[in-house]
Amino acid sequence: MLQIDGNPATKRKLWEQPGGKLGVVVLVLILIGALIFFYRILPYLIILAENTLYFAILLGVIGLITFLCLDKRFVG
């Protein structure tokens with residue numbers, strides 16, 4: 001890629017760019033914060049997933065019982 005003055009642009013690493021070190025530090029802090037957040041919220045998400053699974057199974061059982069009670073071949 002060419003710069004405005006026509007010279008070829010050199011690709012600089014993240015550390016060499018202005019604000020590169022600060023950007024990496026901020027990114028690491030954000031990642032650490034996200035990990036702590038998910039570590040704290042994970043037990044609640046697991047309980048929610050279990051309850052959703054139980055709910056789906058119970059709905060299936062209720063639907064099966066209702067179908068069997070209303071099916072003419074099964075009742076009579």
Side-chain angles (χ1 to χ4, degrees):
M1 187 155 73
L2 294 176
Q3 292 180 350
I4 295 175
D5 59 3
N7 294 331
T10 59
K11 269 200 154 188
R12 295 190 288 180
K13 296 180 181 176
L14 182 61
W15 289 100
E16 297 170 352
Q17 295 177 2
K21 293 178 184 176
L22 177 64
V24 170
V25 169
V26 169
L27 180 64
V28 168
L29 290 176
I30 289 173
L31 289 175
I32 289 173
L35 287 174
I36 291 172
F37 172 74
F38 283 118
Y39 176 75
R40 290 190 179 200
I41 200 168
L42 190 61
Y44 302 110
L45 293 176
I46 291 172
I47 291 171
L48 180 67
E50 287 178 2
N51 288 340
T52 304
L53 183 62
Y54 294 147
F55 179 67
I57 291 171
L58 287 176
L59 279 179
V61 169
I62 290 171
L64 180 65
I65 292 172
T66 304
F67 174 75
L68 292 177
C69 289
L70 297 176
D71 188 25
K72 292 181 181 178
R73 291 179 292 174
F74 184 75
V75 174

For this session: Among Thr52, Ile46, Leu53, find the residue that satisfies the side chain to side chain contact (heavy atoms under 4.5 Å, CB included) test when tested with Glu50.
Result: Ile46

Are [Y] and [X] linked, directly or through intermediate hydrophobic residues, by side-chain heavy-atom contacts shorter than 4.5 Å (ILVMFWY only)?
X     : Y     : answer
Phe37 : Leu29 : no
Ile30 : Phe38 : no
Leu48 : Leu42 : no
Ile36 : Val28 : yes

For this session: Check whether any side-chain heavy atom of Leu35 sits under 4.5 Å from a side-chain heavy atom of Leu31, and report yes or no.
Result: no

Exercise. Does Asn51 reach the side chain of Tyr54, with side-chain heavy atoms less than 4.5 Å apart?
Worked result: yes

For this session: Measure the spacing between CG of Leu59 and CG of Leu64 and express it to the nearest 0.5 Å.
Result: 12.5 Å

